[in-house]
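First comes the structure, then the notes that go with it.
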Amino acid sequence: MKRLKTLTSTLVLAASLSVTALSTASAQSLPPLEKKDQYKVGFAQMESNNPWRIAETKSFKDTAEACNWDLITTDAAGSAAKQVSDVDSMIAQGIDVLFLPPREEKPLIAAVMRARAAGIPTFLVDRSVDKNVAKAGEHFVAFMGSDFIEQGRRAAEWTLENFKGDKGVIVELEGTTGSSPANDRKKGFDDVMAKHDNMTIVASQSGDFARDLGRQVMETLLQAHPDVNIVYAHNDEMAIGAIQALELAGRKPGEDVLIVSIDGTRDALQAIIDGKMGVTVESSPFFGPLACDVMQRYADGEKIEPWVQVKDRIFTKENAAQFIDEAY
Ligand code: GYE
């Protein structure tokens, strides 16, 4: 009797040990994706107020057909809190895999962690979260997107090569506060400019990646800095807004103010052709086919690199006409 009891407790102890071992292992390894003919895929878009976002959502919808996805999409209408609850509702609907463009770096960590806890492999697309807290290969599978620091650096280098004046008076229009592209595009550009005494960033303010806000912020900044001769916008929509504000104030964008931007939208390429914008460093929204490919590799059991890096082109007056037909 005594012996039996000892054995039982040994077994219980062994069982609880192996449960601990199992849960430790699963806390470190990612949820697997079983092979299936059709996957239920969630794409939780952050907003749809600009051509870039609309092109990205369309790219996922087009891919759903090509890749045989049962696709659920949501639109958080510019609210990080809604984007988190959109992910919650996708988890409740039993998605197999999540593609998430996190609007801001910190608030969306919650969504990543909840998908992880629900055993759903998550891929971050186009923007990232705070990498010190949520980690690729542990909490989410991978980040798919551009090198935003490099984009800012290339915008700065093009400016240095093409600015004709003696002293650059720069206004910077930042993207959404707390978003990875705004943080990194600022760092890339500002670090290069800091090494050049003839270049001064006189104002740097958020226009939330939006055309209208870009125009309004530019109108205000123009009052304080009428001598501006370079505008660096973190995306094309704000650059177009800035062009409108400058023209309204009687300035000549492209002639007396150099406009430097990022994305490669149709309106931006047209502005380059019209001589109003100098450059836009590409940041492509067409993530659907890449998402299909990476997800397939993951389901095949391949180890996915933590950063699936997208390579960007650069659009100037040399090639804008050549690429405008494929722009969005
Ligand atoms: O540049 C901007 C969009 O996250 C890379 O977000 C993306 C950026 C893109 O709203 O236009």
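Counting from 1, the numbers follow the sequence of the chain as shown.
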Side chain to side chain donor-acceptor pair (under 3.5 Å) between Q151 and S283, worked out: CA-CA 8 Å; Q151 290 175 341; S283 200; 3.1 Å; yes
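- Every salt bridge (Lys or Arg N to Asp or Glu O under 4.0 Å) that K36 has, sequence neighbours left out, goes to D96.
- A 4.5 Å side-chain heavy-atom check between Y298 and V97 finds every atom pair outside the cut-off.
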For M218 and Q244: C-alpha separation, side-chain torsions, deciding distance, then whether side chain to side chain contact (heavy atoms under 4.5 Å, CB included) applies. CA-CA 9 Å; M218 192 66 221; Q244 292 170 345; over 6 Å; no
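- E104 and S179 share no donor-acceptor pair across their side chains, judged by distance under 3.5 Å alone.
- Aromatic ring pairs are classed by plane angle as parallel below 30°, tilted from 30° to 60° and perpendicular above 60°; the pair W307 and F143 is tilted.
- Remark: aromatic rings of F323 and F315 are close, center separation under 6.0 Å.
- Between the side chains of N68 and Q38, at least one donor N or O lies within less than 3.5 Å of an accepting N or O.
- Ion pair D191/K187 flagged as a salt bridge, since at least one NZ, NE, NH1 or NH2 atom sits closer than 4.0 Å to an Asp/Glu carboxylate oxygen.
- The closest donor-acceptor contact from the side chain of D236 to the backbone of G264 lies under 3.5 Å.
- The backbone N or O of R53 lies less than 3.5 Å from a partner atom in the side chain of T57, making a donor-acceptor pair.
- Sorted by first and then second residue, the salt bridge (charged side-chain N to carboxylate O under 4.0 Å, His left out) pairs with a member in residues 316-328 read R313-E326; sequence neighbours excluded.
- Aromatic ring centres of W69 and F99 lie closer together than 6.0 Å.
- K61 has no carboxylate O lying under 4.0 Å from a charged side-chain N of E56, or vice versa, which leaves the two without a salt bridge.
- With hydrogens and angles disregarded, a donor-acceptor distance shorter than 3.5 Å links the side chain of S284 to the backbone of F286.
- The residues D300 and K35 are annotated as salt-bridged, a charged nitrogen and a carboxylate oxygen being separated by less than 4.0 angstrom.
- Closest approach of V133 and M113 over heavy atoms only: O-CE, 3.8 Å.
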Verdict with supporting geometry, V171 and I230, side chain to side chain contact (heavy atoms under 4.5 Å, CB included): CA-CA 6 Å; V171 160; I230 298 168; over 6 Å; no
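- Closest of all the heavy-atom pairs between L213 and G207 is CB-O, 3.4 Å.
- Between T200 and K167, the side chains place no donor N or O within less than 3.5 Å of an acceptor N or O (distance only, hydrogens not considered).
- L160 and V281 end up in the same hydrophobic cluster when Ile, Leu, Val, Met, Phe, Trp and Tyr side chains are linked at under 4.5 Å.
- Judged by distance alone, the side chain of R127 and the main-chain N or O of R103 form a donor-acceptor pair under 3.5 Å.
- Applying the side chain to side chain donor-acceptor pair (under 3.5 Å) definition to pairs two or more places apart or across chains, those involving residues 212-222 are D212-R215, R215-E219.
- Each of V84 and V125 belongs to its own hydrophobic cluster when Ile, Leu, Val, Met, Phe, Trp and Tyr are linked at side-chain heavy-atom distances under 4.5 angstrom.
- Comment: E157 does not engage R154 in a salt bridge, judged by the lack of any side-chain N to carboxylate O separation of less than 4.0 angstrom.
- Note: F189 and Y232 have parallel aromatic rings, judged against thresholds of 30 and 60 degrees for the angle between ring planes.
- Under a 3.5 Å cut-off, the side chain of Q83 and the backbone N or O of P101 do form a donor-acceptor pair.
- Taking the side chain as every heavy atom from C-beta outward, I54 and K58 never approach each other to under 4.5 Å.
- A salt bridge links K276 to E247: at least one charged side-chain nitrogen sits closer than 4.0 Å to a carboxylate oxygen.
- Under the 4.5 Å side-chain heavy-atom criterion for Ile, Leu, Val, Met, Phe, Trp and Tyr, V141 and M144 are members of the same hydrophobic cluster.
- L71 and V87 are not part of a single hydrophobic cluster, where members link through side-chain heavy atoms under 4.5 Å apart.
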